[in-house]
Amino acid sequence: MNESFIPENHPRAESLKIREKLVKYFKIGVVVPEGLIAHGRGEAFDYILGEKTITPALDAIKAAAATLLLANYPVISVNGNVAALVANEIVNLAKITNSKIEVNLFNRTLEREIIIQKVLKEAGAEEVLGVGNNASAKIPELSSERRRVDPNGILKADVVLVPLEDGDRTEALVKMGKIVIAIDLNPLSRTSKSANITIVDNVVRAIPKLIDEVSKLRFESKEKLQQIVKNFDNKKNLNLCIGRIIEYLSNQAKVV
Ligand code: PTJ
């Protein structure tokens, strides 16, 4: 990649670096143009969430960590944006939660599956599911290429982590009886509303925090982990996130 043109003291350096990363991975075919648009929507929500991990998101992260630790066969679903932004972190999370990693694309092509697999392997993944003919099973109720999943991955999973997923597929996974953990900056999206646990936060902050939380909880008893999950209410949590946006905007309205 060309040297970065972003000055370190730029007030929006972090956000610009993320854009730069996505463009770099767009140029090599990992990210699709739609992924850049989806990121723009995410950025807008991040802006009105104050660009930090809010307390309700921390509660969701704790419930997600407990759910992953309780799972029998957890799978982390990876698309282009996720591979571009947090490949190393996904590999670390998979290792400490004993999760499988599956490439699962909205805009599926074999070339993209292969290059995303390469990015994940370079980040340290030993096994990457869902590539080529390995994605031979189908999610019922979904049409076209979007329905393909790996019989040794998402099809078999009891818990699926879907960072940046679309609403149709989240709903279909829930209907299949999977416990779905979503990461989505938009608390109003169908994904957010239909997942069992939604972390309303940027993947670049949420995944490292999820790793920390798993490290904290990994030696806790099964009962304690079950209690954490039981105490979590996704609808209530999403309402708290929307409340935080309203609060943020009304505070801004006072200073403008
Ligand atoms: O790589 P592919 O082919 O699988 O395509 C990936 C995209 C993201 C294009 C595809 O899954 C898609 O179209 O997703 P949607 O339906 O646009 O949903 C993306 C959601 O993720 C939106 O609600 C965004 O607000 C949110 N989002 C975007 N960037 C981030 C994010 N959430 C958390 N962290 C982000 N960095």
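Order of listing sets the numbers, starting from 1, for every ligand and every atom in it.
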Novice: Sort out for me which residue in Pro187, Pro56, Ser189 forms a side-chain contact (heavy atoms from CB on, under 4.5 Å) with Val200.
Specialist: Pro187
Novice: Under the 4.0 Å line, does any protein heavy atom show up next to atom 8 (C) of ligand 1?
Specialist: yes
Novice: May I ask whether Val204 has any heavy atom positioned less than 4.0 angstrom from an atom of ligand 1?
Specialist: no
Novice: Using heavy-atom distances, let me know which of Val31, Asp168, Val203 sits nearest atom 34 (N) of ligand 1.
Specialist: Val203
Novice: Between atom CZ of Arg190 and atom CG of Asp168, what is the distance when rounded to the nearest 0.5 Å?
Specialist: 4.5 Å
Novice: Is there a polar contact, in the sense of an N or O pair closer than 3.5 Å, between Gly80 and ligand 1?
Specialist: yes
Novice: Rounded to the nearest 0.5 Å, what separation is found between the CG atom of Asn92 and the CG atom of Leu210?
Specialist: 11.5 Å
Novice: Among protein heavy atoms, which lies nearest atom 35 (C) of ligand 1, and at what distance?
Specialist: Asn202 OD1, 3.6 Å
Novice: Between Asp46 and Arg205, is there a side-chain N and carboxylate O pair less than 4.0 Å apart?
Specialist: yes
Novice: Could you tell me which atoms of ligand 1, counted from 1 in the order shown, lie closer than 4.0 angstrom to a heavy atom of Gly35?
Specialist: 9 (C)
Novice: Nearest 0.5 angstrom please: Ser77 OG to Ile181 CD1, how far?
Specialist: 12.0 Å
Novice: Please identify which atoms of ligand 1 are closer than 4.0 Å to at least one heavy atom of Asp201.
Specialist: 33 (C), 34 (N)
Novice: Atom CD1 of Ile197 and atom CG of Leu238: how far apart are they, to the nearest 0.5 Å?
Specialist: 11.5 Å
Novice: So, are Lys216 and Glu213 salt-bridged, with charged N and O less than 4.0 Å apart?
Specialist: yes
Novice: Any donor-acceptor pair under 3.5 Å linking the side-chain atoms of Asp184 with those of Thr191?
Specialist: no
Novice: Return yes when at least one protein heavy atom is under 4.0 Å from atom 13 (O) of ligand 1, and no when none is.
Specialist: no
Novice: Once you round to the nearest 0.5 Å, how far does NZ of Lys100 lie from CD of Glu126?
Specialist: 10.0 Å
Novice: Looking only at protein heavy atoms, which one is nearest to atom 22 (C) of ligand 1, and what is the separation?
Specialist: Asp184 OD1, 3.7 Å
Novice: Below 4.0 angstrom, N of the basic side chain to O of the carboxylate: do Lys156 and Asp150 qualify?
Specialist: no
Novice: Measure the distance from atom 17 (O) of ligand 1 to every protein heavy atom, then report the residue, atom name and distance (to 0.1 Å) of the closest one.
Specialist: Ala38 CB, 3.5 Å
Novice: List the atom of Pro74, the atom of Asp158, and the distance in Å for their closest heavy-atom pair.
Specialist: N-OD1, 3.8 Å
Novice: Looking only at protein heavy atoms, which one is nearest to atom 10 (C) of ligand 1, and what is the separation?
Specialist: Phe106 CB, 4.0 Å
Novice: What atoms in ligand 1 come closer than 4.0 Å to a heavy atom of Asp166?
Specialist: 16 (O)
Novice: Look at atom 6 (C) of ligand 1 and say which protein heavy atom is nearest, naming residue and atom and giving the distance to 0.1 Å.
Specialist: Asn79 ND2, 3.6 Å
Novice: Looking at every heavy atom in both Leu188 and Asn186, which two are closest together, and how far apart are they?
Specialist: N-OD1, 2.8 Å
Novice: For atom 21 (O) of ligand 1, what is the nearest protein heavy atom, given as residue, atom name and distance?
Specialist: Leu164 CG, 3.6 Å
Novice: Of all the atoms in ligand 1, which lie at a distance below 4.0 Å from a heavy atom belonging to Asn186?
Specialist: 23 (O), 25 (O)
Novice: Please could you name the atoms of ligand 1 that Glu34 approaches to less than 4.0 Å, counting only its heavy atoms?
Specialist: 9 (C)
Novice: What is the closest protein heavy atom to atom 32 (N) of ligand 1, and at what distance does it sit?
Specialist: Leu185 N, 3.2 Å
Novice: Write out the residue and atom name of the closest protein heavy atom to atom 5 (O) of ligand 1, then the distance separating them to 0.1 Å.
Specialist: Asn107 ND2, 3.5 Å
Novice: Does Arg112 have a heavy atom less than 4.0 Å from any atom of ligand 1?
Specialist: yes
